[in-house]
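Structure first, commentary second.
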Amino acid sequence: MQWTDCEVKPKEDPKLVAGSECATLQVPVDWNHPDGPTFGLAIARRTAKDPSTRIGTLVFGPGGPGDSGVDRIRTGMTRFSDALEDRFDIVSFDPRGIARSNPVVCSAALLAKQPSPQISSRAQFDQTIRYNRELDQDCRTHTGPVYDHIDTLQTVRDVDAIRAALGETKISFHGSSYGTMLGELYAETYPHRLRALALESVFDHGDSTTGEFLDAQAATAQDSFTEFVNWCEEATACSLHGRDIHALWAELLARAGRGELPDPRQASLKATPFTLTFGVFRMLYEPQWAALADLLKRLETSAPPTGEPPVPTGLAPNTLAPFCRDLSLPVRTYGEFSAHVRRLARNNQDLKIPPTLLAVTNCLGLPKAVNPQQDLKIRGLRTPALLANALHDPATGYSWATSVARQLGKQGVLLTYEGWGHGSYTKSPCVGQAIDSYLISLTVPRRGATCPAVPPAP
């Protein structure tokens, strides 16, 4: 593996900073047949700024799925503190099927025909299955053999190949969101090769049914929306202060259902209840409460758009492929599907259509997951893993973090951030310092430790 300076193109992202190195590592298409065909896995690193105090290599596990770890190193080093940059070579990569690592490619015309996850009839259910199978074959044809081996168990082997190529006996790992599943499964497979394991915004890949997965995801999204409503009731800076936001939201959903509302992310196009919900859901990640209030107020008086709705999911194929291989969420009949939808709507006052319904609808009719959910069985970590999660995370709910902590037992310690949003390392100085201290000195917080909430920026 040969390292070279990452190419910096003048017209590329202005945040590009010199100093990152890039390389390509040849790895098997299928680790179950390691002597078979290979492809190039894109890797990037920043070497420790203070070589005299260098601890080793810190591998960052990209989230998504679909995020580029190479881009993180080239443009997003603000993700890491100066203390980590001084002491570690920080390495990340584009997971297989993503960005520069044999990316998933599908026909644009076919992707533009993605059916809505709002399935309201048996005919739509059957049509979604036909479409998924057609898209699956199309992506396989355009992507090549790697397409059938894009799952986190394969990526675990890729990470260990990176470790070996770097000449490291052990690595430290920091995963965020979907990247925490990678860290969890790496620890399960290679516990003796981990010096430290930090998991932030924890994804629970533990044993769960389709209904349990959907219920957990819907509840955590609703919780974050409720926190927004509570803030607006108290904050005079909220542009909807004093308003009944639940009633306004119900009205906006009804207008979206009639095609009378612009899409939050593409104002020239019509919103659907799902795209409206999805756009609002993403604004809860930071969270952007003031901007969300302004958006809802603006939508209230908006004129009906003329354009047709956007592609219903807006998800790239390199996001869909890992979902369908890592999650077993079977729904066999339209009746079963509609029962899930009715239950979710009944149990959640506002976000009645959880965005992660996509994890079900986009995998209908496809082969069984090769990496289905099961509880972790990790033994032999040198120091307990450190988990960090916000109490009010819209995507990886606090219940997931407590579930993974339970599965880890003595092998894991959960640090609770008492605030909001998806991710906490860069939101809370307390969380950031705790993770840094753990990664540098292997010091874990006491069990039950918390970090106070930091009010979101206005």
Side-chain angles (χ1 to χ4, degrees), residues 45-46 48-50 53-63 67 69 72-73 76-92 159 170-187 191 194-204 285-286 376 378 381-393 395-398 400-402 404-405 408 410-454:
R45 74 175 177 184
R46 296 286 185 100
K49 291 181 177 180
D50 185 358
T53 62
R54 180 184 180 275
I55 293 172
T57 293
L58 173 63
V59 175
F60 180 75
D67 291 354
R72 170 64 64 189
I73 298 299
M77 289 300 287
T78 53
R79 180 67 170 73
F80 308 101
S81 68
D82 291 341
L84 293 184
E85 287 197 61
D86 285 345
R87 307 292 296 276
F88 290 96
D89 294 347
I90 301 180
V91 175
S92 196
V159 169
K170 293 186 176 184
I171 58 172
S172 299
F173 185 96
H174 182 183
S176 178
S177 192
Y178 206 78
T180 62
M181 186 204 303
L182 175 60
E184 292 160 16
L185 296 183
Y186 188 88
L194 269 175
R195 173 187 167 274
L197 175 63
L199 305 174
E200 175 201 6
S201 289
V202 184
F203 192 100
D204 182 12
Y285 271 45
E286 284 300 321
L376 292 168
I378 297 176
L381 288 180
R382 174 180 174 181
T383 189
L386 175 59
L387 288 63
N389 217 92
L391 273 178
H392 306 289
D393 186 319
T396 54
Y398 188 70
W400 274 7
T402 58
V404 173
L408 289 172
K410 294 181 179 179
Q411 295 285 90
V413 173
L414 173 59
L415 173 64
T416 299
Y417 170 52
E418 296 177 321
W420 310 268
H422 188 47
S424 53
Y425 178 78
T426 58
K427 290 185 175 72
S428 162
C430 171
V431 174
Q433 290 165 10
I435 291 178
D436 283 356
S437 177
Y438 167 74
L439 290 172
I440 291 170
S441 64
L442 301 180
T443 302
V444 294
R446 61 175 176 78
R447 293 186 182 275
T450 64
C451 282
V454 177

Full working for side-chain contact (heavy atoms from CB on, under 4.5 Å) between L185 and L376: CA-CA 8 Å; L185 296 183; L376 292 168; 4.2 Å; yes

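- Note that OG of S441 is 9.0 Å distant from CZ of R87, once rounded to the nearest 0.5 Å.
- Side-chain contact check for E184 versus V202: some heavy-atom pair is nearer than 4.5 Å.
- With rounding to the nearest 0.5 angstrom, the CG atom of D89 is 12.0 Å from the CZ atom of R46.
- Panel note: side chain S437, backbone Q433; no donor-acceptor pair is recorded below 3.5 Å.
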Assess whether side-chain contact (heavy atoms from CB on, under 4.5 Å) is satisfied between V91 and L58, documenting all intermediate values. CA-CA 6 Å; V91 175; L58 173 63; over 6 Å; no

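- In this structure, N389 CG and H422 NE2 are separated by 9.0 Å, a value rounded to the nearest 0.5 Å.
- With a 6.0 Å radius and a threshold of 12 heavy atoms from other residues, nucleotides or ligands, R382 has its CZ atom at or below the threshold.
- With hydrogens and angles disregarded, no donor-acceptor distance shorter than 3.5 Å links the side chain of Y425 to the backbone of D436.
- Annotation: side chain to side chain contact (heavy atoms under 4.5 Å, CB included) contacts of S176 (sequence neighbours excluded): F60, R79, E200.
- Atom CZ in R54 sits 13.0 Å away from atom CG in D86 (nearest 0.5 Å).
- Nearest heavy atom pair, residue R195 against residue L439, reads NH1-O, 2.7 Å.
- Every residue meeting the ring-ring contact (aromatic ring centres under 6.0 Å, His included) condition with F203, not counting sequence neighbours, appears here in chain and number order: Y178, W400.
- In terms of heavy-atom proximity, I440 sits nearest to A83 at CD1-CB, 3.9 Å.
- Using a 4.5 Å cut-off on side-chain heavy atoms (C-beta onward), R72 and F80 make contact.
- Here the closest heavy-atom approach between residue G423 and residue S201 is recorded as N-OG, 2.8 Å.
- At distances below 3.5 Å, at least one donor-acceptor pair connects side-chain atoms of T180 with backbone N or O atoms of S177.
- Annotation for A434 and L415: closest pair CB-CD2, 3.6 Å, computed over non-hydrogen atoms.
- Put simply, CZ on R447 and NZ on K410 are 8.5 Å apart, with the number rounded to the nearest 0.5 Å.
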Verdict with supporting geometry, Y186 and I171, side-chain contact (heavy atoms from CB on, under 4.5 Å): CA-CA 11 Å; Y186 188 88; I171 58 172; 4.1 Å; yes

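- Taking every heavy atom of both residues into account, Y398 and T416 meet most closely at OH-OG1, 2.5 Å.
- Taking the side chain as every heavy atom from C-beta outward, C430 and V454 never approach each other to under 4.5 Å.
- Note: D393 CG to Y285 OH = 8.0 Å, rounded to the nearest 0.5 Å.
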Check the pair L387 / L414 against side-chain contact (heavy atoms from CB on, under 4.5 Å), numbers first and verdict last. CA-CA 5 Å; L387 288 63; L414 173 59; 3.8 Å; yes

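- Between W420 and H392, the angle of the ring planes stays under 30°, which puts this pair in the parallel group of the 30/60° scheme.
- Shortest non-hydrogen contact noted between P452 and S428 is O-OG, 4.5 Å.
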